[in-house]
Amino acid sequence: MTAPQPTIFTNYHLYDQDFYLWLETTAKQLKEGRFSEIDLENLIEEIECMGRSEKRVLESNLVVLLMHLLKYKYQPEKRSNSSKGTIREHRRRLTRTFKDSPSLKPYFQEVLPQCYQDARKQASDETGLLLDTFGVDSPFTADECLDEEFLPD
């Protein structure tokens, strides 16, 4: 009777079995220049996924920012330090994103109109105001969205 052999995973199989170990192994292989051992297919997939994730985070922060700017503009009686803090926080997140990845700035400009549509629907839901209360086009420019001092009247 032979002793059972330990299971040895190739880097490709490691991806499905232990993602964290796959990351560590891939990083080590890259550092050591062992490129022929790298699970290239999954590495490419993960890098592409990271790019999509960065875009989703940008969009999410922009929607929250726009929604709070709308609420600030259309519900002046409910303005609070908390809402100012939320506006500041999401501006900070966007600014940090652009500092780390300046190439996302054109994407910000590109998705601003769609993010505004999402923000106006969410603002309508949260305020109880009719969707038509909020204009179809964003009353805020990209520069105003990122301007630390800007608050709508």
Side-chain angles (χ1 to χ4, degrees), residues 11-12 14-31 33 35-153:
N11 201 17
Y12 181 81
L14 232 123
Y15 181 81
D16 293 324
Q17 301 297 318
D18 187 335
F19 182 70
Y20 183 76
L21 183 57
W22 176 85
L23 286 172
E24 286 185 321
T25 301
T26 302
K28 184 177 180 184
Q29 290 167 334
L30 286 166
K31 287 177 187 175
F35 303 119
S36 64
E37 298 174 30
I38 292 173
D39 172 10
L40 198 55
E41 181 182 332
N42 284 318
L43 180 58
I44 291 168
E45 182 180 323
E46 287 303 316
I47 290 172
E48 289 173 342
C49 184
M50 288 170 57
R52 289 188 301 272
S53 178
E54 288 296 307
K55 286 181 172 182
R56 281 193 301 274
V57 167
L58 182 150
E59 291 170 18
S60 176
N61 284 309
L62 181 54
V63 168
V64 172
L65 172 62
L66 287 165
M67 180 193 58
H68 281 276
L69 287 171
L70 286 170
K71 288 168 64 174
Y72 194 91
K73 178 179 177 73
Y74 288 95
Q75 289 191 312
E77 70 284 358
K78 293 190 177 184
R79 291 176 181 167
S80 68
N81 288 334
S82 176
S83 61
K84 286 182 188 178
T86 300
I87 290 168
R88 184 176 303 280
E89 172 63 18
H90 288 275
R91 280 181 172 148
R92 183 190 62 76
R93 291 179 187 187
L94 288 167
T95 299
R96 183 168 290 156
T97 295
F98 299 137
K99 181 179 179 197
D100 293 342
S101 301
S103 63
L104 283 174
K105 196 93 183 239
Y107 183 72
F108 171 80
Q109 299 275 354
E110 177 186 326
V111 297
L112 180 61
Q114 181 55 51
C115 287
Y116 174 72
Q117 296 309 313
D118 295 341
R120 69 190 278 262
K121 291 172 191 169
Q122 198 165 337
S124 176
D125 292 343
E126 289 196 18
T127 62
L129 298 171
L130 295 174
L131 184 60
D132 291 343
T133 303
F134 310 104
V136 174
D137 296 319
S138 176
F140 315 116
T141 66
D143 288 338
E144 287 172 335
C145 287
L146 298 175
D147 181 347
E148 280 188 25
E149 302 304 317
F150 173 76
L151 287 171
D153 297 326

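Position 1 is the first residue of the sequence, and the numbers go up from there. What you see is a predicted model; the values in this text were computed from it and never measured.
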Taking all atoms of both residues into account, what is the closest heavy-atom pair of Leu112 and Cys145, and its distance? CD1-SG, 4.2 Å
Ignoring hydrogens and geometry, is there a side-chain-to-backbone donor-acceptor pair from Ser138 to Phe140 under 3.5 Å? yes
Got a sec, which residues hit side-chain hydrogen bond (donor to acceptor under 3.5 Å, both in side chains) with Asp39, two or more places apart in sequence or on another chain? Trp22, Asn42
Heavy-atom distance under 4.5 Å between the side chains of Leu146 and Phe98, does that happen here? yes
Salt-bridge present (Glu89, Arg93; N to O < 4.0 Å): yes
Determine, step by step, whether Tyr74 and Thr127 satisfy the side-chain contact (heavy atoms from CB on, under 4.5 Å) criterion, reporting the C-alpha distance in whole Å, the side-chain angles of both residues, the deciding distance to 0.1 Å, and the verdict. CA-CA 9 Å; Tyr74 288 95; Thr127 62; over 6 Å; no
To the nearest 0.5 angstrom, please state how far the SG atom of Cys115 sits from the CE atom of Met67. 12.5 Å
Look at atom CD of Glu149 and say whether more than 12 heavy atoms of other residues, nucleotides or ligands are closer to it than 6.0 Å. no
With a 4.0 Å cut-off on N to O distance, would you call Arg56 and Glu59 a salt bridge? no
If the condition is side-chain hydrogen bond (donor to acceptor under 3.5 Å, both in side chains), which residues does Glu54 pass it with, not counting sequence neighbours? none
With sequence neighbours left out, write down each residue that passes side-chain hydrogen bond (donor to acceptor under 3.5 Å, both in side chains) with Gln29, or none if nothing qualifies. Asn11
Between Arg91 (side chain) and Leu65 (backbone), is there a donor-acceptor pair under 3.5 Å? no
Starting from the C-alpha separation in whole Å, work towards a yes-or-no answer on side-chain contact (heavy atoms from CB on, under 4.5 Å) for Leu14 and Phe19. CA-CA 7 Å; Leu14 232 123; Phe19 182 70; over 6 Å; no
So, taking the atom named CZ in Phe150 and the one named CD1 in Ile87, what distance separates them when rounded to the nearest 0.5 Å? 9.0 Å
Around atom CZ of Arg79, are there more than 12 heavy atoms from other residues, nucleotides or ligands closer than 6.0 Å? yes
Val57 backbone acceptor or donor facing Asn61 side chain under 3.5 Å: yes
Give me the atom names and distance for the closest heavy-atom approach of Leu151 to Lys84. CD1-CE, 4.1 Å
Closest approach of Ala123 to Lys71 (non-hydrogen atoms, all atoms of both residues): CB-CG, 4.4 Å
Using 0.5 Å steps for rounding, measure from the CZ atom of Phe35 to the CG atom of Leu40. 11.0 Å
At their closest point, which heavy atom of Tyr72 faces which heavy atom of Ser83, and how far apart are they? CD1-OG, 4.0 Å
Just verifying a value: how many Å separate Ile47 CD1 and Leu43 CG, rounded to the nearest 0.5 Å? 4.0 Å
Test Glu41 against Tyr15 for side chain to side chain donor-acceptor pair (under 3.5 Å), laying out the working first. CA-CA 10 Å; Glu41 181 182 332; Tyr15 181 81; over 6 Å; no
Evaluate the criterion side-chain contact (heavy atoms from CB on, under 4.5 Å) for residue pair His90 and His68; output intermediate values, then yes/no. CA-CA 10 Å; His90 288 275; His68 281 276; 5.6 Å; no
Is it the case that over 12 heavy atoms from other parts of the model lie below 6.0 angstrom from the CZ atom of Arg88? no
So which heavy atom on Glu144 is nearest to which on Pro139, and how close? OE1-O, 3.6 Å
Between CG of Leu129 and CZ of Arg120, what distance do you get to the nearest 0.5 Å? 12.0 Å
Is there a side-chain contact (heavy atoms from CB on, under 4.5 Å) between Leu23 and Thr26 once you walk through the steps? CA-CA 5 Å; Leu23 286 172; Thr26 302; 5.9 Å; no
From Arg96 CZ over to Arg92 CZ, what is the distance, rounded to the nearest 0.5 angstrom? 4.5 Å
